[in-house]
Structure formats: C-alpha cells, structure tokens
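Order of listing sets the numbers, starting from 1, for every ligand and every atom in it. We're numbering straight along the sequence, starting at 1.
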Amino acid sequence: MRIREVEVLVASPGRNFVTLRITTDDGVVGLGDGTLNGRELAVAAYLSEHVAPLLEGRDPHAIEDTWQLLYRGAYWRRGPVTMSAIAAVDVALWDIKAQVAGLPLYQLLGGASRERCLAYGHASGVDVAELIESVHAHREQGFRAIRVQTGVPGLGPVYGVASSAGGGERYDFEPARRGALPAEERWDSRAYLRHVPSVMESVRQEFGPELMLLHDAHHRLTPIEAARLGKSLEAYDLFWLEDVTPAENQEALRLVRHHTTTPLAIGEVFNTVWDYRTLLAEQLIDYVRSPVTHAGGITGLRRILDLAGQYQVRSGMHGPTDVSPVGMAASLHLGLALHNFGIQEYMLHSAETNAVFSPRFTFDDGGLRPSEEPGLGVSYDDEVAARFPYERAYLPIARRPDGTVHDW
Ligand code: EZ4
Ligand code: CO
C-alpha cells in the first residue's frame, strides 16, 4: 500500500480549519488536523510546500518512520507550525491504519482504559450573576466539570468571557473577539487578582463542594502573582488553575509550586516533550494541556504523556473550537486508551463546522467517547466546505492600563 495523494484543505465553517487528507492507492482516506488558531496558512504552506512532496509514494503504515523523517530529518525542528503539520500527517496515517485494521483507533493504542473521557465545558459571564446562570446551563447539559471565567470590574471585555452571555452570542463556538485585525482588550492583573476569589466564593455557595471547577489565567501573571492567586483559591478546591504564567520559563513554576497546593495545568501552547522537561522532572505541574493537534499528533503527544505518567502527571488536552473535530476525535482515541488520562476540554463546535466534519464522538454522563467505527470516526464534506472560504482572523491582544502590550 502506498500514499497516492496528499491534499491540504482550508475552510472556515464558523472558523478556520486546516485539514490534511491522505489517500492511498487502495482508496483508503485518512484525515488529520493541522489548525493553528490565527496562523492557519503558515501550517497549510508548510504542509503543501515542505511535507506533501515527501509523502507521495510512501508506505502509509510506516507511522513512526514518517514521524521521525518529518521531525528528526528536518533541519528546523519543533515550534507550533512544524508540530501542527507533523500532527496532521500523523493523525491521518493513524486514521488509515485503523481503517485498514477494521478497528476504532483507540484499539491500536492499547484499547480502552475507561468507559469515557471526563469532559469539562466553559461557563462564563460578564458578571457573577451571568456566570452562575451559565454554570446552571452547563450542568443541565450534563457537565460535571466546568471552567468558570468572568469579567473583571473596571475592565471591558475580557478574553474567555462571552461578550453577551445569556444573549444570542455563540460563546461555545467562538470565545474570542476575532477579526481581520486584532481586537484590543484592557488587562489589569491587580484588579483580576482581587476579583477572582470572590467569584469562586459565589460559585461554591451556589453549587456546593462536589462540582469540579477549573479556571484559566491565559498566561497573564508573573510567578509571584500566580503564587498569590493559587493560594487565594485553595479554599475553593479547584480541579485546576490553568496557564498561570508564560511558561516557556519552566523554572518559574518552582516559585508558584512552593506557595500553593492548587493543582496546576499548563501547556496548551507547548508542542514537544522538551517544553515540559523541567515541569515534569521536578513535578511542578499536575496536568499537561497539549492536544494531539499541536504536539506532533498521537505519536508526539504520547511521548509527552508517557513521560508525564512516570511523575503522576495526567492529561488535560486542550479542546477549544480551534481544534477541529478531527483533532478532537484523535484526542479522544488517545485519551480513552491512556492510563494517565485526566480530563478533556470540550467546547461545542458550530453547526457549520459539524456539517463539514460529521463527528461521531458522543457526550454522555459528563464524558466523551470516540466512535466505534474503524478509524477516527470523522469525515470531510468538500461541497459543504466550499461554501466557507478561508477568512483571515486574529485573536485579540491585551494592553495594560498604561497601554503596554501584555503577555498572551
Ligand atoms: O485561548 O483556543 O483553554 N482554552 C483556551 C482557548 C485558547 C484558544 C487559542 O487558540 O485558553 O480559548
Ligand atoms: Co487555556
């Protein structure tokens, strides 16, 4: 069996997605996700110009050798563009292999280690009252774990908070105010640090101790601010506190860790095991945030999570709407099989997105399960996709009260 065709598909059904489609000479079709939010065409060009010519004629079953060829065989290694491109190839090849085997992909990864993958949804509100309404709505949908974000008094729109929660805003499909140029938001860490504990206090008062609560700081804090936040939230028993600092400075997490017992999740922008080396070896975190799509595919992420497992660190794969249904399905197959699975982020894709990909994973009793059909259990409809051409879109940026650009 040989790879006959490699196609890079870019469409914007609700938001932009980069999908790789690999077809074998036997007519087996595999899909991979290479979507990198706000940098989509960089991955598309990397794939079509630098990767596709290497794949035509290769054995699609040689997944490990292909991964090493694209990673080790490239002079310029690592980075989100490269690793998303490698992920797209890797997942498409796993999809093909599982279809040829006649098995759902997780069976090739060792089989199921659990019934379903615990999932968390995103509740938010411009104020606490709206947030509580949103948490109620998520509980009614069946979520047992919920991320909570609110606006901050004195600031305008804040990233991760629906701009008109309770209204018609499609928060679950698109959290960011994206546009053809970046929107600018205000950020004030002092105001944020004062506000968040009171939010958690209100949520615990309303919902009691059982509900699993998560919170995302989006890399906005310094280590000492992060330590203070973790400490100030200990009484509210968070499942995790996410991305507290811009953690390419792995050693900075020592300070945070020494000051708080709030569990820490980090790394949705990380892409290889090297980004986690100190964090894991010194047990500075509790959850690895990388998803299959941004960490070199199932092959790449499994390397990270196998190492994490030696340190009792579990998976917490990123699952925003910018990970396509193909990427979500891949994360679920890996998550179902992994021993050290922790939790899966789950934001609902829009109806337009689902019309293109027809994902067959299911959500039940607060958890997700991949499809039982051979392969990934996702497809791609070219005719529907053709109705949604690519649109340039930036994530917003944040500025401090004096106008200084703040960390993402
Ligand atoms: O900012 O997916 O935990 N989820 C998040 C997301 C990310 C976007 C960036 O592409 O932080 O909302
Ligand atoms: Co996040």
Side-chain angles (χ1 to χ4, degrees), residues 12 14-18 33-43 80-81 83-84 87 119-124 134 138 143 145-150 157-163 165 169-179 182-183 185 187 192 196 212-221 226 229 238-248 263-271 275 285-295 315-325 327-328 331 342-350 353 392-398 406-408:
S12 193
R15 62 176 312 138
N16 293 320
F17 294 108
V18 176
D33 177 25
T35 307
L36 192 59
N37 195 8
R39 294 291 184 273
E40 295 87 359
L41 296 190
V43 182
V81 174
M83 299 312 291
S84 300
Y120 73 91
H122 283 203
S124 78
S134 174
H138 281 79
F143 284 104
I146 301 176
R147 189 186 91 163
V148 291
Q149 312 286 133
T150 60
V158 169
Y159 185 70
V161 177
S163 46
E169 196 73 17
R170 302 184 318 162
Y171 172 75
D172 280 337
F173 309 149
E174 179 47 271
R177 298 188 305 139
R178 295 185 313 149
E185 297 178 350
W187 182 254
Y192 168 77
V196 182
M212 289 174 263
L213 292 178
L214 302 86
H215 180 70
D216 192 345
H218 293 296
H219 317 104
R220 301 241 164 132
L221 303 176
L229 180 62
L238 293 197
F239 186 96
W240 81 33
L241 182 57
E242 173 178 342
D243 285 337
V244 281
T245 61
E248 60 261 42
L264 301 173
I266 221 154
E268 63 186 49
V269 300
F270 292 177
N271 44 76
D275 299 328
I285 59 169
D286 301 282
Y287 296 91
V288 160
R289 288 286 290 147
S290 294
V292 165
T293 298
H294 301 137
S315 71
M317 292 179 226
H318 197 200
T321 50
D322 44 285
V323 168
S324 87
M328 268 300 287
S331 286
I343 197 167
Q344 173 66 53
E345 184 178 24
Y346 179 41
M347 291 181 69
L348 308 179
H349 284 111
S350 69
T353 301
R392 189 174 73 230
Y394 288 89
L395 283 157
I397 62 158
H406 196 65
D407 284 293
W408 233 124

[Y] backbone acceptor or donor facing [X] side chain under 3.5 Å:
X	Y	value
H122	V161	no
H349	T321	yes
D243	G267	yes
D33	S324	yes
H406	R220	yes

Pull out every atom of ligand 1 sitting under 4.0 Å from any heavy atom of [X], numbered as shown with elements.
X	value
P320	2 (O)
D216	3 (O), 4 (N), 5 (C), 11 (O)
N37	9 (C), 10 (O)

Test your reading of the structure: does [X] have an N or O sitting under 3.5 Å from an N or O of ligand 1?
X	result
W408	no
R289	yes
Y120	no

Salt bridge (charged side-chain N to carboxylate O under 4.0 Å, His left out) involving R289 - partner list, sequence neighbours excluded: E242, E268, E345
Per-residue contact class, T321 against ligand 1 - non-hydrogen pairs under 4.0 Å: neither
Option nearest atom 6 (C) of ligand 1 (shortest heavy-atom distance, choices R39, H318, R15):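 The option holding the nearest heavy atom is H318.
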Identified side-chain contact (heavy atoms from CB on, under 4.5 Å) partner of L36 from the options T293, V18, V43: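 So, applying the side-chain contact (heavy atoms from CB on, under 4.5 Å) to L36 and each of T293, V18, V43, only V43 qualifies.
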Aromatic ring proximity W187/Y159, centre distance under 6.0 Å: no
Heavy-atom side-chain proximity of N37 to R15 below 4.5 angstrom: yes
Sphere of radius 2.8 Å around the Co ion (ligand 2) - protein N, O or S atoms inside: D216 OD2, E242 OE2, E268 OE1
Mutual orientation of the aromatic rings belonging to F143 and Y346 [parallel < 30°, tilted 30-60°, perpendicular > 60°]: tilted
